[in-house]
Amino acid sequence: MERFGQLELDYLAKVIASGTLNSKTGKFTPELEERFAKWVGAEQAVAMNSAMSVLHASVAAVGVGPGVEVICDPVVHFGGAAVMYHNGVPVFCDINQDSWNMDPESLEACITEHTGAIICTPMWGNPPDYEGILRVANKHGLPVIEDVAHGVGGAYRGKALGTLGAIGSFSFQEAKHLTSGDGGMAVTNRPELADRMLEMRILKTTLGWNFRMTELQAGVMLAQMEKAEEIIAAHHKAGALYREAARASPWLVPQRVGEGCVHAYHGVAFRFEGDGEGIPVERFQETMSEYGCRVSIGYKRRSAAEDPIFTEVLAYGKGCPIRCPLYRGEARYGKGVTPVADRTVPRMVVMPTDVYTPGKTEEYAEKIQAGLRALG
């Protein structure tokens, strides 16, 4: 299976032959929006130049502004950054140590009179407890934005990730399942939110941004969508083989996948508990490298609540938006704010994945098993 090939070249040729590369007057971006919305089971889709643009526009579309808190999960910092783009204040709730996703009880505890929205992330493509999250959100009348950058091909009880909240934000950055190099897509079942994002996608009568996707990006994505099921199946295969390869090593704990959930396996990840078995993490990394399986550990090795973007307020200067005069809340950052994430994030192990080279998934699975066997 080719990552890119003749199909992408054919679509690019069609785009160039059309005489326009701008999505304002082009036909390929609207076609992609229609096709993608139908594919995931949403009413509308809005294409943009990146997933961060989609998150920013989503935060704006649900009404976040100065002094408004948005509760985010703390494994990645992207949701919190998108909140600050629009002068909101990110608040980090904790995660479940087995799924690595937002803990509904911690979410509930973080809600204040200043809360305006929630951003949840299916980490590595693993669906969170949507039932619990949406129960809390609906109780307090809060919109949920799904950062499903990892979530293509994942599902929760029969519904595609990205379609359970108010807005789903997909990424087409090159490391993702489907890619146009960069790019993103918002999906929603609420026409008023789609309309707001369409207004924000261009600087016109409202204070929007030039977040438009190009026709070239749309052309590549249309080609990628024709291969989507094959690509997704390859990721699912990697997930199954890698988990089986690690089954005899109980100190390498896979993400817990909830009942009725389909993990997208953007990455195949485990929690390292080898130190409790006398296996230092340095020895684990060295051994896996020796067996041709270089692993990634810890994402950023800390909770997003400890990221300088938030602790040092590296945004607009003068302490804004977190210490903005319009903000009356008491958002906290630093170590100890999310104790489960503080322990879990540095222990996250992500295995190398190559679903495009024939036989590579099977080869990596064998190397994982051999390396783990050598560690005992």
Side-chain angles (χ1 to χ4, degrees), residues 1-15 23 26-51 54 121-127 146-165 167-189 213-242 257 261-268 353-358 360-361:
M1 176 175 58
E2 290 182 310
R3 180 61 157 157
F4 307 110
Q6 190 59 49
L7 189 58
E8 283 78 12
L9 290 171
D10 290 344
Y11 267 100
L12 287 173
K14 291 176 185 178
V15 171
S23 59
K27 64 178 183 179
F28 292 92
T29 302
E31 180 183 345
L32 174 63
E33 290 171 332
E34 183 178 351
R35 187 181 297 185
F36 194 86
K38 183 177 180 179
W39 185 61
V40 300
E43 290 185 15
Q44 288 181 261
V46 180
M48 295 191 187
N49 59 354
S50 76
V54 173
T121 308
M123 197 59 206
W124 301 115
N126 188 29
E146 299 175 69
D147 176 6
V148 285
H150 295 174
V152 168
Y156 181 83
R157 298 181 182 177
K159 296 190 70 173
L161 300 187
T163 65
L164 291 110
I167 302 172
S169 170
F170 290 87
S171 173
F172 303 145
Q173 183 268 343
E174 192 159 351
K176 304 306 187 291
H177 289 66
L178 309 178
T179 182
S180 50
D182 269 310
M185 186 75 78
V187 300
T188 184
N189 292 325
M213 175 179 279
T214 71
E215 288 285 88
L216 292 168
Q217 288 173 292
V220 173
M221 269 303 301
L222 285 166
Q224 290 275 290
M225 288 200 66
E226 293 192 21
K227 302 187 287 191
E229 300 303 332
E230 186 180 7
I231 293 170
I232 289 166
H235 279 270
H236 289 172
K237 179 181 179 180
L241 286 177
Y242 290 10
V257 181
C261 295
V262 177
H263 197 308
Y265 289 114
H266 167 63
V268 188
T353 305
D354 178 357
V355 302
Y356 300 99
T357 303
K360 199 66 175 180
T361 294

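Residue numbers start at 1 and run along the sequence shown.
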*For the pair Q224 (side chain) and S180 (backbone), establish whether a donor and an acceptor sit closer than 3.5 Å, ignoring hydrogens and angles.*
no
*Measure from the side-chain N and O atoms of T179 to the backbone N and O of F172, and report whether any donor-acceptor pair falls under 3.5 Å.*
yes
*Write down the atom of H177, the atom of H266, and the distance for their closest heavy-atom approach.*
CE1-CA, 3.4 Å
*Thinking salt bridges, do E31 and K27 make one under a 4.0 Å N-O criterion?*
no
*If you round to the nearest 0.5 Å, how far is CE of M225 from CG of L7?*
12.0 Å
*Candidate pair V187 and W39, rule side chain to side chain contact (heavy atoms under 4.5 Å, CB included), full reasoning*: CA-CA 11 Å; V187 300; W39 185 61; over 6 Å; no
*Any idea which heavy atoms bring A186 and I167 closest together, and the distance?*
CB-CG2, 4.2 Å
*Could you give the distance from NE2 (H150) to CG (N126), rounded to the nearest 0.5 Å?*
12.0 Å
*Closest heavy-atom contact between M221 and L32?*
CB-CD2, 3.7 Å
_CG on L241 to NE2 on H236, rounded to 0.5 Å_ = 13.0 Å
*What do the steps show when you test T29 against E215 for side chain to side chain contact (heavy atoms under 4.5 Å, CB included), and what is the final call?*
CA-CA 6 Å; T29 302; E215 288 285 88; 2.7 Å; yes
*Where is the tightest heavy-atom contact between H263 and P127, given as atom of each residue plus distance?*
CA-CD, 4.1 Å
_Cation-pi, Y156 ring and K159 (6.0 angstrom, 45 degrees)_ = no
*Do E8 and K227 sit within salt-bridge range, that is, some charged N less than 4.0 Å from a carboxylate O?*
yes
_Over all atoms of both residues, closest heavy-atom pair of A51 and S171_ = CB-CB, 3.5 Å
*Would the F36 and F170 ring centres measure less than 6.0 Å apart?*
yes
*Within the distance-only criterion (no hydrogens, no angle test), does the side chain of Q44 pair as donor or acceptor with the backbone N or O of A37 below 3.5 angstrom?*
no
*Verify whether one side chain among E43 and T188 offers a donor that lies under 3.5 Å from an acceptor in the other.*
no
_I want to check something: taking the side chain as every heavy atom from C-beta on, are I231 and Y356 in contact at a cut-off of under 4.5 Å?_
yes
*Could you state the interatomic distance from CG (D147) to CE (M123), rounded to the nearest 0.5 Å?*
9.0 Å
*Output yes when a side-chain donor or acceptor of E146 lies under 3.5 Å from a complementary backbone atom of G168, and no otherwise.*
no
*Spacing of CG belonging to L12 relative to CG belonging to D10, to within rounding of 0.5 Å*: 9.0 Å
*asked:* If I take atom CE from residue M213 and atom CG from residue D182, how far apart are they, to the nearest 0.5 angstrom?
replied: 9.5 Å
_Which atom of T361 lies closest to which atom of D354, heavy atoms considered_ = OG1-O, 3.6 Å
